[in-house]
Asker: 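This is the structure I want to talk about, given as structure tokens.
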Amino acid sequence: MLSDKSVSKLIKLEAKRQAEGLELIPSENYVSVDVLEALGSVFTNKYSEGYPGRRYYGGQEFTDQIETLAIERAKKLFKCKFANVQPLSGAPANLALYTALLEPGDTVLGMDLSHGGHLTHGHPVTFPAKIFRFVRYKMKDVETGEIDYVELEKVAKKEKPKIILAGFSAYSRNIDYKKIVEIAKSVKAITVMDASHIAGLIAGRALRNPFDDGFDVITTTTHKTLRGPRGGMILVRDSEEIIKKVNKAIFPGLQGGPHMNNIAGKAVCFAEALTPAFRTYAKQVLKNAKAMEKVFKKHKIRMIGGGTSNHLILADVFGSLGVTGKDAQTVLDEVGITLNMNVIADDVRSPMDPSGIRFGTPALTTRGFKEKNCEKVAEIMIEVLKNKDDKKIKSEAKRAIQKLAKSHPIPKRFG
Ligand code: DSN
């Protein structure tokens with residue numbers, strides 16, 4: 001119990017909100033009490049600039065061991081030669097990667113934001129876009145979600161990028177890693193997958209590992225499908241040259257002392273992700289997303305990419321139901337379903353009130369939801385969206401959501 005009553009009260013309220021509502025933001029999840037304990041441990045007191053065995057301050061016997069443990073587990077999980085577990089989160093990991101591999105003015109070829117890419121993949125409002133050149137590829141067909149590999153190759157041949165970047169925050173289909181590697185080889189580019197969204201699904205062997213198809217680097221957060229503490233990580237398949245550059249770029253290039261309590265939390269999360277129970281969870285995330293897709297299809301609600309092959313769905317609620325993304329987010333929040341409004345491919349509406357909503361199944365799956373429960377949630381969502389001003393329907397929906405939440409408490413440990 002915290003002695004700071006104001007903070008304690010807010011923590012309790014947030015815990016209640018999380019317990020009583022359903023979390024469908026595809027990038028959110030719940031950590032185990034073991035991860036929480038590591039995060040709240042005395043490792044938070046320690047400065048440890050440098051890397052295991054090469055630090056600038058004394059007293060590093062246990063920080064060295066905890067960081068080494070996290071690194072070894074990460075390497076085993078993702079089947080690669082190298083892991084840097086110090087990035088504070090996904091954006092710093094991507095920035096570090098750019099500074100490691102590029103000179104100012106160099107070109108990166110990445111996925112367009114409105115076609116599912118991410119802000120940190122060089123959107124003009126970000127800092128990396130002031131330093132490096134970002135060029136784009138898109139989906140060929142928004143209705144199937146297939147990436148336009150012909151165009152990707154054409155742009156790669158014309159622009160000669162140093163990095164070809166795969167990965168996304170709002171894309172629901174699989175990527176042809178082999179094809180991208182083939183194109184990258186023809187223009188001597190380095191292949192990087194920002195796997196932040198699907199790292200847990202790769203670790204859980206539910207989706208392909210880009211390293212198996214020849215990708216050079218993976219950047220990722222550790223708190224989404226991977227179900228660990230908030231943080232980032234850079235993994236390198238085997239290139240010694242890239243490994244050296246990445247280490248230098250993180251420290252001393254961009255960051256100071258790593259957050260050792262966070263690294264302890266990552267070590268715990270990686271051990272959890274190495275268990276058979278985690279593989280079962282990863283596969284169930286996909287089955288649950290498919291179950292929700294089925295309901296959205298039945299109600300003829302347009303999904304970008306035509307559905308999902310991973311953990312998330314991007315639905316065009318404005319086009320299908322005449323409800324804006326912002327209104328959909330608000331009304332679903334009222335009944336206890338948390339998700340986020342999202343632009344859809346080439347959206348004509350603004351990001352602050354776009355056409356779409358983005359939702360996914362990782363957090364529900366952690367709570368033990370199976371296909372039937374997810375179908376029910378999808379039915380409730382659609383009923384509410386179709387009747388967003390009907391108080392009776394909304395209060396019935398709220399009761400049903402609370403019941404589902406109560407019968408699926410957030411687990412303290414998994415497996
Ligand atoms: N905020 C994360 C997401 O929701 O996808 C990415 O930065």
Side-chain angles (χ1 to χ4, degrees), residues 18 21-31 87-98 108 110-129 134 139 145 165-175 192-203 207 218-234 254 262 266 269 285-286 289 292 303-305 308-315 325-326 328-329 332-333 337-345 347 351-366:
Q18 292 187 13
L22 295 186
E23 185 54 70
L24 272 82
I25 294 175
S27 48
E28 293 189 17
N29 218 324
Y30 310 104
V31 298
L88 301 176
S89 205
N94 283 344
L95 179 58
L97 186 88
Y98 301 144
V108 179
M111 193 167 191
D112 188 87
L113 179 73
S114 93
H115 280 233
H118 189 249
L119 265 181
T120 61
H121 300 174
H123 191 278
V125 299
T126 62
F127 177 68
F134 289 85
M139 286 180 270
L165 187 58
F168 47 79
S169 64
Y171 178 69
S172 62
R173 293 300 187 185
N174 289 323
I175 295 170
V192 178
M193 169 69 182
D194 179 346
S196 294
H197 262 260
I198 58 168
L201 307 176
I202 294 168
L207 292 181
I218 292 178
T219 62
T220 185
T221 51
T222 48
H223 49 268
K224 297 186 173 86
T225 47
L226 195 49
R227 217 162 54 179
R230 301 198 85 80
M233 171 162 71
I234 301 180
L254 277 171
N262 215 281
K266 287 173 188 173
C269 146
V285 167
L286 299 191
M292 297 190 84
M303 287 170 280
I304 305 307
T308 184
S309 309
N310 57 27
H311 62 303
L312 72 81
I313 289 174
L314 181 56
K326 188 177 178 184
Q329 177 184 301
L332 290 169
D333 236 345
I337 293 173
T338 310
L339 46 64
N340 65 281
M341 58 183 172
N342 213 101
V343 289
I344 59 170
D347 208 332
M352 289 313 291
D353 192 8
S355 299
I357 51 170
R358 185 189 69 152
F359 57 95
T361 52
L364 292 184
T365 308
T366 297

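Ligands are counted one by one from 1 in listed order, and the atoms in each one are counted from 1 as well.
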Asker: At a 4.0 Å threshold, what atoms of ligand 1 neighbour a non-hydrogen atom of Ser27?
Answerer: 3 (C), 4 (O), 5 (O)

Asker: Does the side chain of Asp347 pick up a donor-acceptor pair with the side chain of Ser355 at under 3.5 Å?
Answerer: yes

Asker: How far is atom 2 (C) of ligand 1 from its nearest protein heavy atom, and which residue and atom name does that atom have?
Answerer: Lys224 CE, 3.8 Å

Asker: Do the ring planes of Phe134 and Tyr98 sit parallel (below 30°), tilted (30 to 60°) or perpendicular (above 60°)?
Answerer: perpendicular

Asker: Give the atom numbers and elements of ligand 1 that come within less than 4.0 Å of a heavy atom of Ser169.
Answerer: 5 (O)

Asker: Looking at His197, which atoms of ligand 1 are within less than 4.0 Å of one of its heavy atoms?
Answerer: 3 (C), 5 (O)

Asker: Report the part of Arg358 in contact with ligand 1, treating N, CA, C, O as backbone and CB onward as side chain, heavy atoms under 4.0 Å; options are side chain, backbone, both, neither.
Answerer: side chain

Asker: Number the atoms of ligand 1 from 1 as they appear, then name those within less than 4.0 Å of a heavy atom of His118, with their elements.
Answerer: 6 (C), 7 (O)

Asker: Which is it for Met111 and Leu165 under the side chain to side chain contact (heavy atoms under 4.5 Å, CB included) test, yes or no, and what are the steps along the way?
Answerer: CA-CA 7 Å; Met111 193 167 191; Leu165 187 58; over 6 Å; no

Asker: Are any of the side-chain heavy atoms of His121 and Asp194 separated by less than 4.5 Å?
Answerer: yes

Asker: Can you check atom 7 (O) of ligand 1: any protein non-hydrogen atom closer than 4.0 Å?
Answerer: yes

Asker: Just by distance, with hydrogens left out, do Arg358 and Asn340 show a side-chain donor and acceptor under 3.5 Å apart?
Answerer: yes

Asker: Less than 3.5 Å apart, any donor N or O on the side chain of Thr221 or Arg230 sitting next to an acceptor on the other?
Answerer: no

